[in-house]
Colleague: 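Structure in structure tokens, see below.
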2 protein chains.
Amino acid sequence: MVKRTSFEGDGCPIARSLEAIGDWWSLLIIREALFGLRRFGEFQSKLGMAKNILSVRLRSMVDHGILALAPASDGSAYQEYVLTPKGRGVYPILVALRQWSEEFDEHPEQIATILVDRAKGRPVKKLEMRAEDGRLLSPADTMLKPRPASRRRSA
Amino acid sequence: MVKRTSFEGDGCPIARSLEAIGDWWSLLIIREALFGLRRFGEFQSKLGMAKNILSVRLRSMVDHGILALAPASDGSAYQEYVLTPKGRGVYPILVALRQWSEEFDEHPEQIATILVDRAKGRPVKKLEMRAEDGRLLSPADTMLKPRPASRRRSA
DNA sequence: CAACATAGTTTCATAATGCAACCACTGGAG
DNA sequence: CTCCAGTGGTTGCATTATGAAACTATGTTG
């Protein structure tokens with residue numbers, strides 16, 4: 001077997017995320033879905049991607065519980081793809097990707113849009129990582145701990 | 001031309017990020033680099049990936065300014081791959097991916113590690129998005145604004 | 001029902017991935 | 001200096017994924 005390696009059984013949560021949304025198109029589809037796109041044709045024309053690839057990606061994300069098929073919305077007999085809570089939960093990942101470009105892109109003048117606070121119209125701050133008690137954490141303030149073994153039964 | 005579509009000229013900063021690190025392996029390589037790995041063989045054996053693929057990815061990330069080639073470190077004549085500031089800036093993206101798995105993964109019992117506050121050993125909070133004035137923002141509190149045209153010269 | 005739009009699937013060519021084998025250079029041992 | 005294992009790749013070939021275009025099956029409109 002020479003299949004593309006799967007991270008499905010991997011214990012690393014980053015690898016597990018990539019398994020679901022780590023391809024070229026999924027995150028862009030989710031970005032458009034967060035903007036309100038729902039129909040196959042909308043995704044296809046907005047993203048300009050091949051229909052067969054779109055078809056595969058949509059099905060995969062439905063299987064992963066990121067999108068769900070909804071029966072209608074405008075009364076027609078067609079279906080729509082709507083984000084589940086898991087799908088909407090991708091939002092911080094998109095913000096992180098966006099901010100990385102905004103900060104480090106070599107051609108920032110090519111970036112078309114900036115994410116702003118709707119109330120003030122001012123750019124949002126960089127994502128912050130905080131401790132339970134509210135302290136702002138830097139990468140060096142964190143570490144990885146083995147997940148505590150959850151007893152499988154018995155209360 | 002039937003090449004894989006490139007997002008290089010795209011105005012969307014998310015697409016531009018994906019252009020650089022949106023493939024199956026780059027983010028995992030950066031994750032290991034953040035843990036201190038530097039040598040070709042270290043990445044190869046830790047990630048278990050094919051050497052030719054690793055070679056291509058490392059070169060690509062060097063070209064993108066994410067990694068830099070450093071002449072040594074232990075005195076040997078070999079080279080090392082070290083993260084640039086741009087590379088270390090990927091950290092929030094990895095945290096976001098990790099937290100997405102921690103929150104939504106269908107088999108959370110398979111997740112091996114959790115990210116904790118080093119001082120207290122307690123899990124870190126979810127990444128927070130704040131306005132310039134410190135208000136906590138939800139996705140609905142934000143919007144996209146066209147990037148202000150930067151005058152090209154003259155002061 | 002004719003004509004058109006939507007939402008795909010199929011076909012075929014090309015590009016990316018993965019494994020294994022091969023090769024160049026390094027660093028020591030003798 | 002020579003031999004030889006280890007490091008850091010590259011090359012070749014098979015398989016899989018991607019992409020463009022053509023085709024199909026419904027739905028929808030006049």
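Sequence lines set the chain letters: A, B, ... in the order given, protein chains first and strands last, and positions in each chain run from 1. Keep in mind that this is a model prediction, so the values were computed, not measured.
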Colleague: Take the protein atom CG of B:Leu47 and the nucleotide atom P of C:dG18, then report the distance between them rounded to whole Å.
Modeller: 12 Å

Colleague: Which residues satisfy the ring-ring contact (aromatic ring centres under 6.0 Å, His included) test with A:Tyr78, sequence neighbours excluded?
Modeller: none

Colleague: C:dT9 P sits how many Å from A:Arg57 CZ, rounded?
Modeller: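 Going from A:Arg57 (CZ) to C:dT9 (P), I get 14 Å.
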
Colleague: Could you check which residues of residues 18-34 of chain A get a heavy atom under 4.0 Å from DNA chain D? Sort them by number, please.
Modeller: A:Trp25

Colleague: Would you mind listing every ring-ring contact (aromatic ring centres under 6.0 Å, His included) that reaches into residues 10-41 of chain A, with sequence neighbours excluded?
Modeller: A:Trp24-B:Phe7, A:Trp25-B:Phe7

Colleague: Checking A:Arg135 now: which residues fulfil side chain to side chain contact (heavy atoms under 4.5 Å, CB included) with it, not counting sequence neighbours?
Modeller: A:Ala131, A:Asp133, A:Leu137, B:Asp117, B:Ala119, B:Lys120

Colleague: Holding to side-chain hydrogen bond (donor to acceptor under 3.5 Å, both in side chains), I want the full list of residues that pass it with A:Ser76, two or more places apart in sequence or in another chain.
Modeller: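 So A:Ser76 forms a side-chain hydrogen bond (donor to acceptor under 3.5 Å, both in side chains) with A:Asp74.
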
Colleague: With sequence neighbours left out, write down each residue that passes side-chain hydrogen bond (donor to acceptor under 3.5 Å, both in side chains) with B:Arg88, or none if nothing qualifies.
Modeller: none

Colleague: Expressed as a whole number of angstroms, how long is the span from A:Ile53:CD1 to C:dT11:P?
Modeller: 16 Å

Colleague: Roughly, in whole Å, what's the span from CE in A:Met49 to P in C:dT9?
Modeller: 13 Å

Colleague: Under a 3.5 Å threshold, yes or no: a donor from one side chain and an acceptor from the other, between A:Ser60 and A:Asp63?
Modeller: no

Colleague: List the residues meeting side-chain hydrogen bond (donor to acceptor under 3.5 Å, both in side chains) with B:Asp141, not counting sequence neighbours, and say none if there are none.
Modeller: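 In terms of side-chain hydrogen bond (donor to acceptor under 3.5 Å, both in side chains), with neighbours along the sequence ignored, B:Asp141 is linked to B:Ser138.
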
Colleague: For nucleotides 1-10 of chain D, just jot down a letter per nucleotide in 5' to 3' order: B, S or -, based on protein non-hydrogen atoms under 4.0 Å.
Modeller: -----BSBBB

Colleague: Output the rounded distance in Å from CG (A:Asp74) to P (D:dG27).
Modeller: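 So the two atoms are 14 Å apart, to the nearest Å.
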
Colleague: Looking at C:dG18, I'd like to know if its phosphate oxygens (OP1 or OP2) sit under 4.0 Å from a side-chain N or O belonging to A:Thr5.
Modeller: yes

Colleague: Please identify each residue that fulfils side chain to side chain contact (heavy atoms under 4.5 Å, CB included) with B:Val82, with sequence neighbours left out.
Modeller: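 Counting only residues at least two positions away or on another chain, B:Val82 forms a side chain to side chain contact (heavy atoms under 4.5 Å, CB included) with B:Arg38, B:Ala68, B:Ala70.
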
